[in-house]
Amino acid sequence: MTLRHIAVLAAVGVSLPLAAQLRPRDRYAITAEQVAAKLSASFAQKGLALQADQVALPADLTASQEAPLLEIRSVGSLGALHGKRADLMSSAVKMACVNSRVCLPFYAIVTLPGGIQPNARGDKDMPMGSGTPIHQEILVKSGAHIRLLVDSGAAHIQMSVVSMECGSLRQQIKVRSADHKQVYTAEVIDAGTVRGSL
């Protein structure tokens, strides 16, 4: 066997594992129907049943699992959007997969009857008042170094973490440990401080 043949075989041997790594993984669409079903389930106690045509996804969204479990992160008012009926109000709903490795967080635009707006926790209606958007103040910015408080029985722990997303008062956000090894879900309690559990 010549040196040239050995070099070709070595190149093939190295490139095969690389080709396997670069092969595209299966991706599954996240649909307006899935988002409408999650929102309807979350706000069922208020009688808000949404149809897929009330949900607009601004881009083609995919996940690494079929029909992933979704969660609502926040709801913000957009008011009456241009070109829509004046009696319909629109909201930007930030959603994510429960398992953050399955899909990236995304926004859905949801159209509801005017005057009623579910808040981020889904536990009451917020009157909108003549279509004026409601904006919550951002207390924690993405990438900020903040303090995580953990109360677990007799133990009280404080640790420095990095915020993975922006958050308003009482909003649930993801934070990661300074060594990037752990991710926690925590509630914003003030500027620079969140509370979570282990």
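Qualifying disulfide bond (SG atoms under 2.5 Å apart) partners for C97, counting only residues two or more places apart in sequence or in other chains: C103. Every residue meeting the side-chain contact (heavy atoms from CB on, under 4.5 Å) condition with A52, not counting sequence neighbours, appears here in chain and number order: A32, E33. Under the side-chain contact (heavy atoms from CB on, under 4.5 Å) criterion, Q65 pairs with V102, sequence neighbours left out. In terms of the side-chain hydrogen bond (donor to acceptor under 3.5 Å, both in side chains) criterion, residue partners of T185 (sequence neighbours excluded) are, by chain and number, K174. Residues meeting the side-chain hydrogen bond (donor to acceptor under 3.5 Å, both in side chains) test with N99, sequence neighbours left out: none. In this structure R176 satisfies the side-chain hydrogen bond (donor to acceptor under 3.5 Å, both in side chains) test together with H180, sequence neighbours excluded. Among residues two or more places apart in sequence or in another chain, the side-chain hydrogen bond (donor to acceptor under 3.5 Å, both in side chains) test is passed with D53 by none. K94 meets the salt bridge (charged side-chain N to carboxylate O under 4.0 Å, His left out) test with E165; sequence neighbours excluded.
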ask   = What's the verdict on side-chain contact (heavy atoms from CB on, under 4.5 Å) for E187 and R170, showing C-alpha distance, side-chain angles and the deciding distance?
value = CA-CA 5 Å; E187 181 181 13; R170 293 190 301 275; 3.6 Å; yes

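Side-chain heavy-atom separations under 4.5 angstrom define the hydrophobic clusters, and the remaining members of the one that includes M164 are V183. Other residues sharing a hydrophobic cluster with V98 under the 4.5 Å side-chain heavy-atom criterion for ILVMFWY residues are L69.
In the hydrophobic clustering of this structure, L148 groups with I157; members are Ile, Leu, Val, Met, Phe, Trp, Tyr whose side-chain heavy atoms approach within less than 4.5 Å, directly or through other members. Residues L169 and L149 fall into different hydrophobic clusters, defined by Ile, Leu, Val, Met, Phe, Trp and Tyr side chains chained together at heavy-atom separations under 4.5 Å.
Nearest heavy-atom pair, I30 versus P68, reported as atom, atom and distance to 0.1 Å: CG1-CG, 4.4 Å. S177 approaches V161 most closely through the heavy-atom pair CA-CG1, 4.3 Å. Closest heavy-atom contact between V175 and S163: CG1-CA, 4.0 Å.
The CD atom of Q172 sits 11.5 Å away from atom OG of S74, with the distance rounded to the nearest 0.5 Å. The distance from atom OG1 of T31 to atom CG of L57, rounded to the nearest 0.5 Å, is 7.5 Å. In this structure, the separation between CZ on R73 and CZ on F106 is 10.0 Å, given to the nearest 0.5 Å. If you take CG on L139 and CD on Q171, they are separated by 9.5 Å, rounding to the nearest 0.5 Å.
Applying the salt bridge (Lys or Arg N to Asp or Glu O under 4.0 Å) test to residues at least two apart or on different chains, none of the pairs has a partner in residues 57-68.
For the pair Q34/Y28, no side-chain contact is recorded, criterion being any heavy-atom separation below 4.5 Å from C-beta on.
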Using atom types as modelled, flag every donor-acceptor pair under 3.5 Å from a side chain in residues 188-195 to any protein atom, sequence neighbours excluded.
unit_1 : atom_1 : unit_2 : atom_2 : d
D190   : OD1    : T193   : N      : 3.3
D190   : OD1    : T193   : OG1    : 2.8
T193   : OG1    : R147   : NH2    : 3.3

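Without hydrogens or angle criteria, T111 side chain to S90 main chain gives no donor-acceptor distance under 3.5 Å.
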